[in-house]
Amino acid sequence: MQKKIAIIGDRFMLPDVFRSEIEKACGNSLDIRTLEMAWPDEPMEFGNPALGLDKVKEYFGDPDEVVDFIGDAEIFVTQLSPLSDAMMRRLPALKLVAVSRGGPINIDMAAAKTHGITVVNVPGRNASAVAEFTIGAILAETRLIRVGHEALRKGEWRGDLYRADRTGRELSEMTVGVIGYGNIGTRLVRLLRAFGCRILVSDPYVQLSADDRNAGVELVALDDLLAQSDVATLHSRVTAETRGLINKDTIARMKPGVIFINTARGPLVDYDALYEALVSGHIASAMLETFAVEPVPSDWPLLQLPNVTLTPHIAGASVRTVTYAAEQAAEEVRRFIAGLPPVNPC
């Protein structure tokens, strides 16, 4: 009997890429149906108690439409579709959910366990993309790329940026502090080593790899990292402990004139405190990729500051992220069909 697989993709995680990778891994004798949602051209949602979605967040899709599409499928592959307890009750055939993202926050995990549904994910799927993007973010600030670009777009030739008292610094003479040493942080450290900078890492739950330790990377307390770093770049996960990690107090402990980078998550930062530090000059400049509210309001004060580079939460978006996540999801589907345990159970 053919396995029935429902795939709901979007305009980033394309459903045809999922299908192609699943067929490569499992063959063509599958009953696969696909649906494409409008994200990211339309925004995701963050929980809607009125629709019974209070236990899921960062999702896209109407619950009834999702349930109707999954129907009698045993396997469901998605990136952003929500699955609540009430939805699972209407899907008695469903046994495997493959979520092509680092955390299955669009799935009610407690309900999945109750209903005997296996959920798998793709940890670190965009680690390479975010680490690479972070290098670009750091260079945009340290080498005044943003400053020169914005001036030239206005027809202003900033020859004065060649002055010794105004020009940027090379990473080889700087100390870079990496806060968080998970999938992204470890990859970033590997890239930073090529620049010859001093690298500090703060993460209370991990040890440095032997390779990084032998290369001179230093594991330090957060206060030591903040006091010594010329660049502080944030890569922690959002937990009860890390929410608001960068706040008025921790900013005050940063080295004066520090460059701050956030390509992690918005809730890690008190943006009001960051704004004050950028206005005062205690933080020389910042590159911000994630925000407390997304999309950011058009009148948000940080949008008006001249010493900030901003991007709309795109660090993890790369063509390789799409193909890698689809490959990993396909492998989980193959293993499920073959009766093997999952690689990344949630």
Side-chain angles (χ1 to χ4, degrees), residues 102-103 123-143 169-270 273-274 277 282-290 309 315-316:
R125 67 161 186 171
N126 59 10
S128 177
V130 176
E132 186 177 286
F133 188 97
T134 303
I135 293 293
I138 293 171
L139 292 175
E141 300 306 310
T142 60
R143 300 308 310 278
R169 297 174 63 191
E170 295 184 25
L171 282 177
S172 60
E173 61 169 343
M174 302 178 79
T175 297
V176 179
V178 179
I179 304 169
Y181 191 67
N183 287 315
I184 295 168
T186 53
R187 285 177 180 262
L188 176 62
V189 167
R190 192 182 313 157
L191 296 177
L192 282 168
R193 282 165 45 188
F195 289 88
C197 50
R198 181 188 180 207
I199 303 170
L200 306 180
V201 170
S202 179
D203 191 321
Y205 299 105
V206 298
Q207 295 296 315
L208 296 178
S209 69
D211 191 37
D212 283 341
R213 190 168 57 250
N214 293 336
V217 179
E218 303 169 53
L219 185 65
V220 300
L222 178 61
D223 278 357
D224 292 330
L225 181 149
L226 296 175
Q228 298 178 48
S229 295
D230 300 300
V231 176
T233 179
L234 186 57
H235 302 284
S236 304
R237 293 187 66 85
V238 178
T239 66
E241 183 180 4
T242 61
R243 188 176 293 272
L245 177 65
I246 304 302
N247 54 49
K248 187 173 183 178
D249 291 337
T250 50
I251 289 172
R253 296 197 290 273
M254 289 182 179
K255 182 178 181 179
V258 66
I259 293 169
F260 176 69
I261 310 292
N262 183 15
T263 58
R265 289 286 178 168
L268 297 169
V269 178
D270 178 342
L274 179 62
H282 181 67
I283 293 178
S285 71
M287 194 287 167
L288 307 175
E289 148 72 3
T290 62
T309 302

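Note that these values count all heavy atoms, side chains included, but never hydrogens, waters or copies made by symmetry.
- Considering every non-hydrogen atom in both His235 and Thr263, the closest pair reads CE1-OG1, 3.2 Å.
- Note that OG1 of Thr233 is 11.5 Å distant from CD1 of Ile199, once rounded to the nearest 0.5 Å.
- In terms of the side-chain hydrogen bond (donor to acceptor under 3.5 Å, both in side chains) criterion, residue partners of Thr309 (sequence neighbours excluded) are, by chain and number, Glu141, Arg146.
- In plain terms, the two heavy atoms of Tyr181 and Gln207 that are nearest each other are CE2-O, 3.5 Å.
- Glu132 meets the side-chain hydrogen bond (donor to acceptor under 3.5 Å, both in side chains) test with no other residue; sequence neighbours excluded.
- A 4.5 Å side-chain heavy-atom check between Thr186 and Ser209 finds every atom pair outside the cut-off.
- Residues Leu188 and Val130 have side chains not in contact (no heavy-atom distance under 4.5 Å, counting atoms from C-beta outward).
- Considering every non-hydrogen atom in both Asn262 and Phe260, the closest pair reads CB-CE2, 3.9 Å.
- Crowding of Arg193 atom CZ: a count of heavy atoms from other residues, nucleotides or ligands under 6.0 Å exceeding 12.
- In this structure, the side chains of Glu218 and Arg198 come closer than 4.5 Å at one or more pairs of heavy atoms.
- In this structure the side chain of Asp230 reaches within 4.5 angstrom of the side chain of Lys255, judged on heavy atoms.
- Distance check: Asp249 CG to Met254 CE gives 11.5 Å after rounding to the nearest 0.5 Å.
- Formation of a donor-acceptor pair under 3.5 Å by the Arg253 side chain with backbone atoms of Asp223 is not found in this model.
- Taken from CZ in Phe195 to CD1 in Ile138, the straight-line distance is 8.0 Å, to the nearest 0.5 Å.
- Side chain of Thr290 to backbone of Gly266: a donor-acceptor contact under 3.5 angstrom is found.
- You'll find the side chain of Leu245 reaches within 4.5 Å of the side chain of Leu234, heavy atoms only.
- Counting heavy atoms from C-beta on, the side chains of Thr242 and Arg237 never come closer than 4.5 Å.
- A 4.5 Å side-chain heavy-atom check between Ile246 and Leu274 finds every atom pair outside the cut-off.
- The minimum heavy-atom distance linking Ala264 with Ser236 is given by the pair CB-O, 3.9 Å.
- Residues Val217 and Val178 are not in side-chain contact: their nearest non-hydrogen atoms beyond the backbone lie 4.5 Å or more apart.
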Q: Tell me, with the steps shown, if Arg243 and Val238 meet side chain to side chain contact (heavy atoms under 4.5 Å, CB included).
A: CA-CA 6 Å; Arg243 188 176 293 272; Val238 178; 3.5 Å; yes

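- Remark: Ile259 CD1 to Ser285 OG distance equals 4.5 Å, nearest 0.5 Å.
- Summarising the geometry, atom OG1 belonging to Thr134 is positioned 8.5 Å from atom CE belonging to Met287; distances are rounded to the nearest 0.5 Å.
- Closest non-hydrogen pair, Val258 versus Ser229, comes out as CG2-O, 3.5 Å.
- In terms of heavy atoms, Leu192 sits closest to Cys197 at O-SG, 3.6 Å.
- Rounded to the nearest 0.5 angstrom, Ile251 CD1 and Ile283 CD1 are separated by 4.5 Å.
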